[in-house]
Number of protein chains: 2
Amino acid sequence: MARFFMAGTNLLGGATAVIRGRDAEHIQVLRIRPGEDVTICDTEGKDYKCRLVRADKEEAELEVIEVVPCKGEPSIDVSVLCGLPKGDRVDYIIQKSVEAGAHDIVFFLSSRCIAKPDDPYKKLERWNRISEEAAKQSGRGMIPKVSWAEDYGEVLNAAVHTDLPLFMYETGEREALSEVIEANRNIRTAAVITGPEGGFEAFEADLARIAGLHVCSMGERILRCETAPVVALTALMYASGNLS
Amino acid sequence: MARFFMAGTNLLGGATAVIRGRDAEHIQVLRIRPGEDVTICDTEGKDYKCRLVRADKEEAELEVIEVVPCKGEPSIDVSVLCGLPKGDRVDYIIQKSVEAGAHDIVFFLSSRCIAKPDDPYKKLERWNRISEEAAKQSGRGMIPKVSWAEDYGEVLNAAVHTDLPLFMYETGEREALSEVIEANRNIRTAAVITGPEGGFEAFEADLARIAGLHVCSMGERILRCETAPVVALTALMYASGNLS
């Protein structure tokens with residue numbers, strides 16, 4: 001069923017919902033006809049099951065049939081924090097992390113980043129649009145926010161304020177990801193930090209360790225920078241009962 | 001360290017290895033200098049740590065330093081079987097499945113496939129080259145084979161001959177993936193079947209159920225056809241201790 005987000009939706013069964021702008025156009029593009037059903041999500045975890053009454057390019061009117069909790073939200077909030085990769089790998093990380101259940105996504109510059117955008121804040125609008133599209137398509141109950149962290153200290157600080165801060169690293173002394181997760185079963189929040197194309201410098205891993213993060217290995221296979229967040233997120237979702 | 005595959009390598013420490021053709025060119029492209037180390041994998045689970053002696057565009061000569069078991073191979077063999085998606089999603093599934101530890105990858109046509117290649121066998125060379133590149137980069141000990149199955153019965157048959165045949169389905173009566181995996185801990189082989197863009201028809205899921213596969217849910221979030229194999233594979237790798 002087609003799915004739309006409407007921040008601050010607050011409608012009871014039997015009420016009328018009105019969709020305007022880009023989403024109204026999208027209803028036209030999808031050729032949804034009066035009498036057909038769509039879901040409006042309030043971006044705070046509630047789904048409004050609606051039936052289309054009438055639609056034109058500017059506006060769609062819908063009847064609210066039922067209000068139900070959105071099942072697409074995982075029971076844990078996982079922040080994904082990534083050293084900025086090049087080009088479309090960013091888009092890929094956003095799309096797949098949203099599908100896999102990320103709560104929010106943060107990009108930052110680390111020593112080995114090849115991508116050096118002049119103004120990363122300019123990219124945030126596009127990045128958040130990718131998140132919104134992925135959230136719609138995968139049936140999420142909220143739109144994971146994509147943001148930019150100015151500095152590595154800020155990234156570590158955000159991570160250590162979660163119940164389970166994880167730092168993915170490819171060499172040296174590390175804990176096994178599965179053992180760390182098994183030893184921390186009753187968490188509500190977690191953070192996953194992954195590096196750019198060339199990974200992290202040793203001093204970056206040392207700083208993470210000193211800050212109290214678990215420096216983790218995901219096994220002997222080397223994962224690409226755009227694959228690592230999705231694999232780590234999936235391990236967390238699996239272990240917390242959110243893949244069933 | 002740069003990594004090359006050499007089928008049928010059989011060299012002892014102290015011996016000389018010779019690399020010719022495309023891989024010799026690749027050594028030039030990577031600007032590897034005499035005295036620097038590279039790994040040659042015999043594609044059967046053994047790694048030959050070698051030191052470059054001399055190289056030109058046609059041929060590279062290396063001294064074998066040490067022969068060690070390749071650590072990049074998971075302890076379980078998982079076959080990934082996918083209803084053929086459109087365009088570069090195929091490339092993506094191959095690359096990410098190899099990184100995530102797939103043993104082999106099979107594509108097939110199911111009812112809702114949009115992609116209808118005239119001759120899928122013509123694509124196999126390219127698909128296997130993507131697998132080889134991903135295996136090199138991720139440090140695998142073998143090159144997962146990519147193949148084409150002519151018929152859906154063949155796909156189900158391949159799956160039921162593994163210890164844990166899984167069929168990923170988005171609606172109706174399903175078992176929770178995590179519960180199925182937890183109930184089958186001591187497996188050596190598994191199969192993961194996923195659908196194309198539009199998913200599977202009900203009759204395809206019914207056939208899978210009749211054939212003895214576990215029809216599984218991966219939660220309430222809808223995964224894209226190119227994301228589902230990687231998520232299922234990661235759940236299996238996590239549960240079997242191959243993500244640590």
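Labels below follow one simple rule: chain letters A, B, ... track the order of the sequence lines, proteins then strands, and each chain is numbered from 1.
Taking OH from Y238(A) and CE from M237(B), the interatomic distance works out to 12.5 Å, rounded to the nearest 0.5 Å. A distance of 9.5 Å separates OG of S244(A) from CD of E220(B), quoted to the nearest 0.5 Å.
The residue among Q137(B), E73(B), R140(B), R224(B) with the most heavy atom pairs within less than 4.5 Å of chain A is R224(B). Of the residues considered (S138(A), G72(A), G219(A)), S138(A) shows the highest number of contacts with chain B, using heavy-atom pairs under 4.5 Å. With respect to chain B, the highest number of heavy-atom pairs below 4.5 Å among V230(A), I181(A), L233(A) belongs to I181(A). Ranking G139(B), C216(B), G101(B) against chain A, the residue ahead of the rest is G101(B), based on heavy-atom pairs under 4.5 Å. Among A235(A), S217(A), S178(A), the residue with the largest count of heavy-atom pairs under 4.5 Å with chain B is S178(A).
Of the atoms belonging to A100(A), it is backbone heavy atoms, and not side-chain ones, that fall under 4.5 Å from chain B. Interface residue E182(A): backbone and side-chain heavy atoms are both found under 4.5 Å from chain B.
Among V231(A), T227(A), I222(A), the one residue that satisfies the side-chain contact (heavy atoms from CB on, under 4.5 Å) test with E99(B) is T227(A).
Here the side chains of K96(A) and K96(B) are not in contact, with every heavy-atom distance at 4.5 Å or above.
P74(A) and R221(B) make their closest contact through CD-NH1, 3.5 Å (heavy atoms, listed as atom of the first residue, atom of the second, distance).
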